[in-house]
Amino acid sequence: MIHIAETLSIRTVEGFLKPDEIERLNLVMDATLGSLGRDRYGTARRTTIHEIPGHSPAEAQDVYEPAGRIEVTEIPYEATALLDQALKLHMAAITRTLPSVTGHRPWIYLEYGSGQYITPHADGIAPDPLTRPRQVAAATVTLTDIHDTGGAFYVETTGSDAVWTADEAPTGSGYAEGMRFAHDGTDMSSPWFRTMPRTRWSVAPAPGTLVVFGSQLIHGTAPVRADRVRKFLTLFVSEWEASPP
């Protein structure tokens, strides 16, 4: 059963990747991007992992990544295998605070250059909170020391009711009593979101630290100051309702 606290949680797993694994992943992605890949997955890209109801992919890109970024949704097997093995080793630490998680979606590679960032938003329990699999949380692991580059990750909290829909989850739907859902458009495309008071909490995890955050937690990144920030992202899901104890 999914509790709202899971979708609003944040935690870290230090040492998720070892230094030699970070080095290997950097080499793999250097080879993947090559001389043409940065344009193919950056300025020439016309797709995005983000969706805004009623908006085109290009419009969603403008809202979420106004200065652009590199986004690779099909990464090499070598990188996937390494990241999956790290996840297997640390899954107990993750499910300790996310007990409803039963799996994850494929890894995605993201890269931000100087001046690039992601605007504040909540992912939501996409694509539909009443169907399965249900997206409970996301996780990123950064290969870069952001103390040197900038581009810090942050979350934003609010006491406003504006973010929540009026309806609670139906009884028997696999959610704890009183479960609420964030509005579609909990992002900078919505005037109500832009004016909603929020408090920002910034973090600067060491390279190789996994940052896990709930799917209804508002988050984003600060602009990169210099060089580039490289990271991998996955989404944790609940594929079925756990059996009662």
Side-chain angles (χ1 to χ4, degrees), residues 1-13 48-55 60 63-65 94-105 108 110 117-141 152-203 205 210-221 231 233-242:
M1 185 168 292
I2 301 171
H3 194 283
I4 193 171
E6 290 186 71
T7 70
L8 294 172
S9 65
I10 182 167
R11 68 163 299 145
T12 53
V13 181
T48 175
I49 61 173
H50 293 111
E51 296 181 3
I52 304 174
H55 292 68
V63 170
Y64 279 80
E65 40 174 299
I94 294 165
T95 55
R96 190 174 298 124
T97 54
L98 294 171
S100 69
V101 166
T102 58
H104 73 102
R105 290 182 172 144
I108 297 166
L110 304 172
Y117 59 99
I118 197 81
T119 57
H121 65 282
D123 297 332
I125 306 176
D128 180 345
L130 297 182
T131 61
R132 292 188 186 268
R134 294 173 177 172
Q135 184 175 308
V136 178
T140 61
V141 57
F153 177 82
Y154 61 79
V155 299
E156 293 181 339
T157 54
T158 181
S160 173
D161 286 335
V163 70
W164 304 110
T165 61
D167 297 331
E168 295 185 0
T171 301
S173 60
Y175 291 102
E177 184 178 355
M179 179 70 181
R180 299 280 296 277
F181 303 113
H183 282 289
D184 286 338
T186 302
D187 54 45
M188 297 300 283
S189 71
S190 301
W192 65 264
F193 181 80
R194 294 196 297 268
T195 59
M196 183 179 69
R198 307 188 299 273
T199 298
R200 181 169 294 185
W201 310 66
S202 295
V203 297
L210 188 74
V211 179
V212 184
F213 51 98
S215 60
Q216 300 197 109
L217 185 62
I218 299 166
H219 61 281
T221 62
K231 62 178 64 180
L233 163 76
T234 191
L235 303 171
F236 290 122
V237 297
S238 174
E239 297 163 299
W240 59 83
E241 185 173 357

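Nothing fancy with the numbering, it's 1 onward along the sequence. Because the structure is predicted, anything quoted here is derived from the model rather than measured.
Within the 4.5 Å cutoff, the side chain of Thr186 has no heavy atoms near those of the Trp164 side chain. At least one side-chain heavy atom of Met196 sits under 4.5 Å from a side-chain heavy atom of Ile218. Between Val163 and Gln216, every side-chain heavy-atom pair lies at or beyond the 4.5 Å cut-off. At a threshold of 4.5 Å between non-hydrogen side-chain atoms, the residues Ile125 and Val136 do not count as touching. Side-chain atoms of Glu156 and Leu217, non-hydrogen and from C-beta on, never get closer than 4.5 Å to each other. Counting heavy atoms from C-beta outward, Val237 and Val101 have side chains that stay 4.5 Å or more apart. Contact of the Arg198 side chain with the Phe193 side chain is registered, since non-hydrogen atoms from C-beta on lie closer than 4.5 Å. Residues Leu130 and Ser173 meet the side-chain proximity criterion, which asks for heavy atoms closer than 4.5 Å.
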*asked:* Checking Thr12 against Val212 for the side-chain contact (heavy atoms from CB on, under 4.5 Å) test, could you report, in this order, the C-alpha distance in whole Å, the side-chain angles of both residues, the deciding distance, and whether it holds?
replied: CA-CA 6 Å; Thr12 53; Val212 184; over 6 Å; no
*Going through the checks in order, is the side-chain contact (heavy atoms from CB on, under 4.5 Å) test met by Glu65 and Thr119?*
CA-CA 7 Å; Glu65 40 174 299; Thr119 57; over 6 Å; no
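Atom CZ of Phe153 sits about 8.5 Å away from atom OG1 of Thr221, to the nearest 0.5 Å. For the atom pair CD1 of Ile108 and NZ of Lys231, the computed distance is 12.5 Å after rounding to the nearest 0.5 Å. Separation of atoms NE2 (His104) and CD1 (Ile94) is listed at 9.0 Å; rounding is to 0.5 Å.
Of all heavy-atom pairs between Ile2 and Glu6, the closest is CA-OE2, 3.7 Å. Among all heavy-atom pairs drawn from Val211 and Pro205, the shortest one is CG2-CG, 3.7 Å. Looking at every heavy atom in both residues, Ala176 comes nearest to His3 through CB-CD2, 3.7 Å. Across Arg194 and Met188, no two heavy atoms sit closer than the pair NH1-O, 2.8 Å. Of all heavy-atom pairs spanning Asp123 and Ala138, the tightest one is OD2-CB, 4.1 Å.
Side chain of His55 to main chain of Pro53: a donor-acceptor pair is present (N/O by atom type, distance under 3.5 Å, no hydrogens or angles). Ser100 contributes no side-chain N or O that, together with a main-chain N or O of Met1, makes up a donor-acceptor pair within less than 3.5 Å. The main-chain N or O of Pro129 is found under 3.5 Å from a side-chain atom of Arg134 such that the two form a donor-acceptor pair. In this structure a side-chain-to-backbone donor-acceptor pair under 3.5 Å is missing from Ser190 to Trp192. Side-chain atoms of Thr195 come within 3.5 Å of backbone atoms of Pro191 as a donor-acceptor pair (strictly under, hydrogens ignored). In terms of modelled atom types and a separation under 3.5 Å, the side chain of Thr140 and the main chain of Leu233 share no donor-acceptor contact.
Asp187 and Ser189 share a side-chain donor-acceptor pair at under 3.5 Å. Between the side chains of Arg132 and Ser238, at least one donor-acceptor pair of N or O atoms lies under 3.5 Å. With hydrogens and angles left out, the side-chain atoms of Ser215 and Gln135 include no donor and acceptor closer than 3.5 Å. Checking His183 against Thr165 by side-chain atom types alone, no donor-acceptor pair falls below 3.5 Å.
The number of heavy-atom neighbours closer than 6.0 Å to CD of Glu51, taken from other residues, nucleotides and ligands shown, is 12 or below. For Trp201, the CH2 atom sits in a loose shell: 12 or fewer heavy atoms of surrounding residues, nucleotides or ligands are nearer than 6.0 Å.
The distance between the ring centers of His219 and Tyr154 does not fall below 6.0 angstrom.
Figure legend: Arg11 and Phe213 shown without cation-pi pairing, the cationic atom not lying both under 6.0 angstrom from the six-membered ring centre and within 45 degrees of its axis.
Using the six-membered ring where Trp is involved, Tyr175 and Phe181 have ring planes that are perpendicular, over 60° apart on the 30 and 60° scheme.
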